[in-house]
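Everything below concerns the one structure shown next.
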Amino acid sequence: MRWRRFRVDGIEVGQEEVLLTGQTARHLATVLRMGRGEELVIVDGLGHEWVAEITSLASSGVRVKLLAQTGISNESPLDVTLALAFSRSEKMDQVVRQATELGATRVIGFRAARSQYGLGPTDSRKKRERWQKIAREALCQCRRQREPECEILSDIDQLLTWADRWTVSADGALKILAAEGEARKSLLDLQRRSPSCMNFLAVVGPEGGWTAEEAHRFDDNGFEGVRLGPRILRLETAATAMLASIQLLWGDLGVPGREAVPEDPPGERR
């Protein structure tokens with residue numbers, strides 16, 4: 001049986017019931033046509049999930065009873081931030097979705113010199129809300145428990161400032177820059193040098209590439225320029241390749257014998 005999953009905010013410790021409202025309730029009741037007594041999974045986006053049972057459906061919403069926490073975690077052991085230079089909206093949306101599926105902790109957007117557009121304060125807020133919505137939907141689809149953070153920064157200056165703060169709090173962190181042909185290192189080279197790293201900031205630039213000034217600034221700020229193979233990759237391909245490679249070399253894609261989480265969440269009913 002494939003369990004339906006729903007993301008719900010603000011679940012408190014010891015809470016026994018949840019009222020689903022708005023689009024979530026409409027989707028459950030009118031699209032999925034779920035009814036009283038049926039079971040589903042509730043995820044809070046903070047690392048917890050529960051088996052729940054529908055107890056009532058009304059105009060005010062769908063009420064469900066939390067039966068038990070599953071104790072399941074499909075989260076990556078790594079803390080991975082993906083920073084992307086702005087590109088066309090549909091490409092960025094695709095990357096946010098794929099980054100969620102690949103276990104990213106957060107996704108940051110920023111304007112590079114050759115980005116196709118920039119965003120003012122209002123548009124930045126709207127973009128962040130859209131990305132967070134996409135991440136929330138992908139969270140339920142890919143069966144994660146923790147929702148990635150989405151953030152919009154204005155330019156490389158802000159990104160480098162953010163990276164400096166992050167480096168202080170991230171022990172043994174690696175800052176990685178996708179740098180096309182000018183890079184001499186690969187991710188495998190970094191893995192051999194730092195096999196136990198758990199914290200990553202991976203930056204992917206615009207399809208026009210980095211300017212010489214940008215490349216120097218990243219280098220001066222301790223970023224490791226790496227190549228992602230001999231071919232030229234589009235932004236969405238490069239971002240996916242970067243994340244998948246990090247998870248393979250350091251994370252849980254390279255763990256042999258890891259069993260798939262069962263479709264039926266375990267746990268005693270309370």
Side-chain angles (χ1 to χ4, degrees), residues 78-136 138 147-170 173-180 182-183 187 199-228 232-246:
L78 307 179
D79 185 303
V80 183
T81 299
L82 175 67
L84 297 164
F86 290 139
S87 184
R88 293 201 300 269
S89 291
E90 65 273 15
K91 292 188 176 186
M92 304 293 281
D93 292 352
Q94 178 182 341
V95 173
V96 172
R97 186 174 297 107
Q98 292 171 335
T100 303
E101 295 174 9
L102 287 168
T105 308
R106 63 191 62 80
V107 179
I108 295 174
F110 67 98
R111 185 176 189 177
R114 293 172 178 161
S115 290
Q116 296 176 340
Y117 64 88
L119 296 173
T122 300
D123 289 335
S124 293
R125 177 181 55 79
K126 291 180 180 178
K127 180 67 72 175
R128 181 185 178 279
E129 290 173 353
R130 175 170 176 77
W131 283 7
Q132 207 67 62
K133 181 176 183 291
I134 292 170
R136 171 176 293 205
E147 183 176 318
E149 303 169 14
C150 296
E151 189 168 352
I152 303 294
L153 302 179
S154 60
D155 51 26
I156 284 182
D157 289 336
Q158 276 202 350
L159 176 64
L160 293 178
T161 298
W162 187 96
D164 287 341
R165 293 197 305 267
W166 172 82
T167 304
V168 171
S169 62
L174 273 177
K175 296 186 288 188
I176 303 171
L177 182 73
E180 297 183 356
E182 63 266 26
L187 285 168
N199 301 286
F200 300 82
L201 170 56
V203 182
V204 177
E207 292 181 352
W210 304 110
T211 65
E213 180 185 357
E214 288 172 332
H216 287 309
R217 292 191 66 189
F218 280 116
D219 184 60
D220 290 342
N221 280 271
F223 280 79
E224 304 271 6
V226 299
R227 63 182 185 273
L228 296 174
I232 300 299
L233 306 179
R234 288 183 176 273
L235 175 137
E236 66 273 27
T237 309
T240 303
M242 176 78 85
L243 288 176
S245 298
I246 288 172

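Just so you know, residue 1 is the first one in the sequence shown, and it goes up from there. Side-chain atoms are counted along with the backbone in the values below, which use heavy atoms only and exclude waters and symmetry mates.
- By the 4.0 Å N-to-carboxylate-O rule, Lys91 lies close enough to Glu207 to be salt-bridged with it.
- In this structure, Ser124 OG and Phe110 CZ are separated by 13.5 Å, a value rounded to the nearest 0.5 Å.
- Inter-residue side-chain proximity for Arg114 and Thr211 is flagged as met; some heavy-atom pair is nearer than 4.5 Å.
- Remark: side-chain polar atoms of Lys175 are not paired, donor with acceptor, to backbone N or O of Thr167 under 3.5 angstrom.
- Ring planes of Phe223 and Phe218: perpendicular class, angle over 60° (limits at 30 and 60°).
- The environment of CD in Glu90 is crowded: more than 12 heavy-atom neighbours from other residues, nucleotides or ligands sit within 6.0 Å.
- Within a 6.0 Å radius of CZ in Arg130, no more than 12 heavy atoms belonging to other residues, nucleotides or ligands are found.
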Practice problem: Step by step, work out the salt bridge (Lys or Arg N to Asp or Glu O under 4.0 Å) result for Glu129 and Arg125. | Solution: CA-CA 6 Å; Glu129 290 173 353; Arg125 177 181 55 79; 3.3 Å; yes
Q.
Assess the residue pair Gln98 and Leu243 against the criterion (side-chain contact (heavy atoms from CB on, under 4.5 Å)); give the C-alpha distance rounded to whole Å, side-chain angles, the decisive distance to 0.1 Å, and a yes or no.
A. CA-CA 9 Å; Gln98 292 171 335; Leu243 288 176; over 6 Å; no
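- Using a cut-off of 4.0 Å between Lys/Arg side-chain N and Asp/Glu carboxylate O, Asp93 and Lys133 are scored as not salt-bridged.
- A donor-acceptor contact shorter than 3.5 Å is absent between the side chain of Glu149 and the backbone of Gln132.
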Checklist line | CA sep, side-chain torsions, deciding dist, call: Met242, Val226, side-chain contact (heavy atoms from CB on, under 4.5 Å) | finding: CA-CA 10 Å; Met242 176 78 85; Val226 299; 4.2 Å; yes
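- In this structure, Asn221 contributes its side chain and Arg217 its backbone to a donor-acceptor pair below 3.5 Å.
- Formation of a donor-acceptor pair under 3.5 Å by the Gln94 side chain with backbone atoms of Glu236 is not found in this model.
- For the pair Ile108/Thr81, a side-chain contact is recorded, criterion being any heavy-atom separation below 4.5 Å from C-beta on.
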side-chain contact (heavy atoms from CB on, under 4.5 Å), that's the test. Do Leu174 and Ile246 meet it? Break it down for me.
CA-CA 11 Å; Leu174 273 177; Ile246 288 172; over 6 Å; no
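- Remark: side-chain polar atoms of Glu214 are not paired, donor with acceptor, to backbone N or O of Trp210 under 3.5 angstrom.
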